[in-house]
Protein chains: 2
Amino acid sequence: MPPSIDQVARRANVSISTVSRVVNRRNVVSEKTRHRVELAIKELGYQPNAFARGLMLRKSEMVGLVLPDLHGEFYSEIIRGANMQARQLGYSLVIASARDTDDAQSLLHGFHGRSIMDGLAIMVSEVTGGIQEVLGTFRLPFVVLDDDIDGADHDSVTIDQLGGARAMMRHLVETCRVSRVFFLGGLETNVDTIARLKAYRQVLGEHQVPFSASDIYHLDYRYETAWEFARQHVSEWVGERHCVFAANDEMASGVVDAAAAAGVKVPEDLAVVGFDDTRVARMTRPPLTTVRVPMAQMGAKAIELLCSRLADPAQPADQVSLQPELIVRESCGANVCGAG
Amino acid sequence: MPPSIDQVARRANVSISTVSRVVNRRNVVSEKTRHRVELAIKELGYQPNAFARGLMLRKSEMVGLVLPDLHGEFYSEIIRGANMQARQLGYSLVIASARDTDDAQSLLHGFHGRSIMDGLAIMVSEVTGGIQEVLGTFRLPFVVLDDDIDGADHDSVTIDQLGGARAMMRHLVETCRVSRVFFLGGLETNVDTIARLKAYRQVLGEHQVPFSASDIYHLDYRYETAWEFARQHVSEWVGERHCVFAANDEMASGVVDAAAAAGVKVPEDLAVVGFDDTRVARMTRPPLTTVRVPMAQMGAKAIELLCSRLADPAQPADQVSLQPELIVRESCGANVCGAG
DNA sequence: TTGTAAGCGTTATCAT
DNA sequence: ATGATAACGCTTACAA
C-alpha cells in the first residue's frame, strides 16, 4: 500500500492541507515547513493518488486516440506524432483500435464509456456510417481526423488530398512534360483514390493531355498486386514521356521492380511516381518521386487541437487542413528530361 | 456535469447501494427494482465515474506500454499486438515513448508516477544502463520486453535471437551449401547484431566453413547505407555459392538492389538473406529469405503476462522466450541450388 | 432484499 | 501561514 497524504502530514507534523499545498505549489508555504514536508515526501516516496486527484480535479491528463486499424506505417506515424505532442503538452496517450470482431461504433462507445480520458481524437475515414449519431451522444471533447463530414461543427484535421495530387499531376505535366499518364488506383470506393483520380482528370483536362478510361486501373494498394499487374502491362505502357501515377508508394514500387525485371528502364523508358512518401519510396531504385503526406503532423495537430479545446471549451471549432508536399526524386525523370 | 449515482438512486426511488449493486451485478436485487434502476440509468445516460471507482477498487483496467522509440515497423507491430491482447482482456493501452530530449529513466519515472495504470510493460533493449535501479523502486507490477538482464526475477518476454540466426545460418550452410558468407551487421554495440554475429561464427565454425574478420562488416541497419556500400563491394562478393547475410531486411534489400544495378543476379551470382521479415522482405525482387521475428506476438505476450500477474500477484516470475521462424523465399537460391 | 454509513485520498473553502 | 472540514462519486460492511 503506497503512502497517502496524511502519512506524509503526520511525519512532517503538519496538516494534510499543507502537504497538498506543497505538492501543488499553490498558495504560500513557509520555507521551513516546505522543507520538512519535502523531506517527508522523499523519505516515504510519496506520490499523489491519481484517482483521488482525478476525482477532485475532474481530469486525468490523458487523451485517447481512436484508430480504425493499427496496420502499417500510416497509423504508426499518426501514433508517433500524437504521442510526441501529447507528451509535450503533459498528457498521456491512450490508444484504441477496433479488433476484427467489433465495429467502430461499439469501440467508440466502449472507449467513451470508461471515460477516464479528458478527450478523444477520432479517425473515422475508413468507418462505415452511423458515426455521426455516436459522436452526437458524446460528453467528452473530441476532434476528428481525416474527416470528410461536411458542415460538422467540431474540431477536425484533414489532409488536402486533392491539392497534393494536383501538385503531382502538375509536376508531371508542366515539368516532366509527359504525353500520357496511366493511373493506378486502389479500390474505386477508397476516398483517397477518388481524390487522386479527380486530380488526374482535372489537371490532364486543364492541359489538354489526352487520356481515356482504359488508362485508369483499380487495384488494391498492394505491392504484390501491382508487381504482377505491371509484369503483364508494362510493355504497353512504355513510350516517349509516358508515366505511371500510382496512388501509393507500394504500388509504384511494384511497378518499378516489374519494369526492371522486364528490362524497362525507369525513368528513361517509363516514368513512375507514387504517393504518401512512406519508407518504401526511398527504398526503391530509382527512389520514387512522390507526395509526402504529413501523417505524424496530422496526429500531432489533432492532439494539439484537442488539448487546446480542453483548455478553453468555449472556443469556436477549428478545422485545420494540412498541406502535402511534392517530393521530387528520380523515378519521374525530371532530372533526365531536363525541363526543370 | 454527468449524472452521478445518487441522481439515479433518487430517480429510481432506491438507495445508492442498490444502484451500485445493479451496475456491478453483485448480490441479488429484486427483478422489480432492478428494472426501475436500469430504466433510470438509461434515461439519465448514467456512467459510473471512473475516478471514484478506481479510488475504491484501486485499479483502472489500464496498462502502460513503454517503448524507447516509436519509429518503424518494429515498434508499431509491438503496439498492435499489445493493443489487441489488452482489448481482449478488457484493458486499455497507454503508450509512452521517450522524446528526443529525455532519457528512458525520466520517462519511466514520470510515467510510473502518474500511476493511474494497473501495470507496465517495459521495453529496455536500446536503453543505456541504470534501468535496474529504477525498476527496483517500482511499486507497479511490470513485465520487461526483450530483456537481456540475467538473473532478474521479474516477468519477461524475449526473442530467441541467437536461435533464429542459427536457423538461418544452418539453412545457408546445410541446404544452400554456401561456400562463403559475408556478414553485414548493424552497429557493433547493438545487441541483436551481436547475437546474429555470434550465430554466424558458431555455425560456420561447426561446419568448417572458412571465414575471416574481413568478411564481417558493420553498418547502421539502413537501406541507403547498405545500398551504397554494396555498390562498392558487390563485385568482390560475387562467387560460387557465396552469400550475404544482412542483419536486417532493409540492408538486405539495399544489397539486392545494388546488385541488380551492377548486373549481379540474385541469387544466381550472389545469394542475399535478411532478418526480421518486415514488409520490405516481400517488397524486394527477388523476395527475401529471412527470419520472422514475432513482434506483434511479443507485444501480445507481454500484455498477457502482465494481466495474468495482475490477476495473481503472487505467482512466480514467468520468463517467456519466443521463437523466430525461418522464412525461405527466393533470395537465398534454395530453390535454384536444388539442394533442399 | 434494501438502506445506512464509513471510508478511499485528494483539493478547496473557510477559519484561525 | 496553517489547520479543520466538507466535498468529489463510488464500493462495501453492517444493519434492518
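What you see is a predicted model; the values in this text were computed from it and never measured. In what follows, chains carry the letters A, B, and so on, assigned in the order in which the sequence lines appear, proteins first and then strands, with residues in each chain numbered from 1.
Ion pairing between a basic and an acidic side chain is recognised when a charged N comes within 4.0 Å of a carboxylate O; A/Asp155 and A/Arg309 show such pairing. Ionic pairing of B/Lys42 and B/Glu38 is not present here: no N-O contact between side-chain nitrogen and carboxylate oxygen is shorter than 4.0 angstrom.
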Under a 4.0 Å heavy-atom criterion, the protein footprint on nucleotides 6-16 of chain D, written with B, S and -, is -BBBBBB----

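With sequence neighbours left out, the salt bridge (Lys or Arg N to Asp or Glu O under 4.0 Å) criterion links B/Arg80 to B/Glu77. Every residue was checked against the ring pair (Phe, Tyr, Trp, His ring centres under 6.0 Å) condition with A/Phe51, not counting sequence neighbours, and none meets it.
Taking atom NZ of residue B/Lys32 and atom C1' of nucleotide C/dT2, one finds them 13 Å apart after rounding to whole Å. In this structure, B/Arg36 places its CZ atom 13 Å from C1' of C/dG3, rounding to the nearest Å.
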Does the pair A/Val37 and A/Val14 meet the rule for a side-chain contact (heavy atoms from CB on, under 4.5 Å), with working shown? CA-CA 8 Å; A/Val37 172; A/Val14 294; 3.9 Å; yes

Just do the side-chain contact (heavy atoms from CB on, under 4.5 Å) check on A/Glu31 and A/His35 with the steps written out, would you? CA-CA 6 Å; A/Glu31 198 66 7; A/His35 276 317; 3.8 Å; yes

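At C/dT1, none of the side-chain N or O atoms of B/Thr33 fall inside 4.0 Å of OP1 or OP2 (strictly under the cut-off). Note on A/Thr18: every side-chain N or O is 4.0 Å or more away from OP1 and OP2 of D/dA1.
The list of salt bridge (charged side-chain N to carboxylate O under 4.0 Å, His left out) pairs with a residue in residues 7-18 of chain A, not counting sequence neighbours, reads A/Asp6-A/Arg10, A/Arg11-A/Glu43.
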For residues 295-307 of chain B, run the donor-acceptor check on the side chains, cut-off 3.5 Å, and write out each pair with its distance to 0.1 Å, sequence neighbours left out.
from     : atom 1 : to       : atom 2 : distance (Å)
B/Lys301 : NZ     : B/Glu304 : OE2    : 3.4

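For the helix from C/dT1-D/dA16 to C/dT16-D/dA1, the rotation axes defined at the first and last 5 base pairs enclose an angle of 40°, given to the nearest 10°.
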